[in-house]
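Take a look at the structure set out below.
Each chain gets a letter, A, B and so on, in the order its sequence line appears, and its residues count up from 1.
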Number of protein chains: 2
Amino acid sequence: MKGTKVTFDSDKLNYSSELMRALAHPLRLKILDYIDNHKSINVNKIYSSLELEQSITSQHLKILRMAGVVSVEVSGKFHIYQINYDVIEKASFAVNRFVGKA
Amino acid sequence: MKGTKVTFDSDKLNYSSELMRALAHPLRLKILDYIDNHKSINVNKIYSSLELEQSITSQHLKILRMAGVVSVEVSGKFHIYQINYDVIEKASFAVNRFVGKA
DNA sequence: AACAAATATTAAAAAAAAATGATATTTGTT
DNA sequence: AACAAATATCATTTTTTTTTAATATTTGTT
């Protein structure tokens, strides 16, 4: 085992940076925070409470969905979002790898 | 205290998303990983070991520096980088807020 | 069936981030 | 002083994200 020593393999690396990207936006953190505070909540509540555009909210939710960070449950007209805590936890090693080393 | 319930204030929110942004790139995670594995290391070692362009490496290091994630110590010709574990730890709440809730 | 509410999708424009290639700066060496 | 090594910076182009505004889709209601 010689040469470059890399702890992360490429896949793990890309996976984590994707999650980081999903979180790397103030509005998305805000939205996540809001969903978290409500356990599960529909889109209208999110954007009206946070005073965001419907469209923007929907698009950011899509990004969070694609990253696996949240999931939706459709209930009639309403789309109810919730956080996939396990996904965040699984991907958090990208950050937590450095925690506790200070 | 009525209306929108927000756990994060704007400043905290922007601060965390900035850190997330710094981490939201595969090369930067790779570079961080490499520095971590070597405790402290100069730029040439980083980019030659990881087979990256000097310029790219330098620019990514700058982004990490700006975010406070790493710091440099100049020693003659060499710029020696190391990780600011405490900064990462401080900012990790943006992720870790959701950890342990699954 | 017509309509409104809730949400998503899309197209276009604007802004930000990344990559590329070249040049500049600093320091150590001959 | 000239030169090379180490690193940073800069300008340009390319790519990706974000925003904006409009339209489409689905479902529930009258």
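In this structure, A/Leu52 atom CG and C/dA8 atom P are separated by 14 Å, rounded to whole Å. Rounded to whole Å, the distance from CD on B/Gln59 to P on D/dT9 is 10 Å. Regarding B/Lys62, its NZ atom lies at a distance of 16 Å from the P atom of C/dA19, rounded to whole Å. Counting to the nearest Å, the P atom of C/dA17 and the CG atom of B/Leu64 are 14 Å from each other. When the P atom of D/dT7 is taken as reference, atom CD of B/Glu53 falls 15 Å away, rounded to whole Å. When the P atom of C/dG28 is taken as reference, atom CG of B/Asn42 falls 14 Å away, rounded to whole Å. Residue B/Tyr47 contributes atom OH, which lies 17 Å from atom C1' of C/dA19 at whole-angstrom precision. A/Ile41 places its CD1 atom 15 Å from the C1' atom of C/dT7, with the value rounded to the nearest Å.
Looking only at side-chain heavy atoms (C-beta outward), B/Arg28 and B/Leu64 come within less than 4.5 Å of each other. Using a 4.5 Å heavy-atom cutoff, the side chains of B/Val99 and A/Tyr85 are not in contact. When side chains are defined from C-beta on, A/Arg21 does not count as touching A/Ile63, because their heavy atoms never get closer than 4.5 Å.
Heavy-atom nearest nucleotides on DNA chain D were determined for A/Gly76 and for A/Ala24, and the one closer to the 5' end corresponds to A/Ala24.
Checking D/dT7, D/dT20, C/dA8 against every side-chain atom of B/Ser58, the shortest atom distance belongs to D/dT7. Which of C/dT7, D/dA8, C/dA19 sits closest to the side chain of A/His79 comes down to C/dT7. Here the nucleotide nearest the side chain of B/Lys77, chosen from D/dC10, C/dG28, C/dT7, is C/dG28. Nearest nucleotide to the A/Phe78 side chain, out of D/dT7, C/dA6, D/dT19: C/dA6.
Across every strand in view, C/dT29 sits in a pair with D/dA2 that passes the Watson-Crick or G-U test at under 3.5 angstrom. In this structure, C/dA13 and D/dT18 make a Watson-Crick or G-U wobble pair, each of the two defining distances being under 3.5 angstrom. C/dT20 is paired with D/dA11 under the criterion used here, namely a Watson-Crick or G-U wobble arrangement in which both key atom distances are under 3.5 Å.
Residue A/Tyr81 places at least one side-chain N or O under 4.0 Å from the OP1 or OP2 atom of C/dA8. The side chain of B/His60 contributes no N or O atom lying less than 4.0 Å from OP1 or OP2 of C/dA17. Considering only side-chain N and O atoms, A/Arg28 lies under 4.0 angstrom from the phosphate OP1 or OP2 of D/dT18.
Salt-bridge annotation for B/Arg97 and A/Asp33: present, with a side-chain N of the basic residue lying under 4.0 Å from a carboxylate O of the acidic one.
Counting non-hydrogen atoms under 4.0 angstrom, A/Ser55 reaches a base of the nucleic acid.
A donor N or O paired with an acceptor N or O is not found under 3.5 Å between the base of D/dA6 and the side-chain atoms of B/Gln54.
Looking at B/Tyr81 and B/Ser40, their side chains never bring a donor and an acceptor atom within 3.5 Å of each other.
The cationic atom of A/Lys12 (NZ for Lys, CZ for Arg) lies less than 6.0 Å from the six-membered ring centre of A/Phe93 and within 45° of the ring axis.
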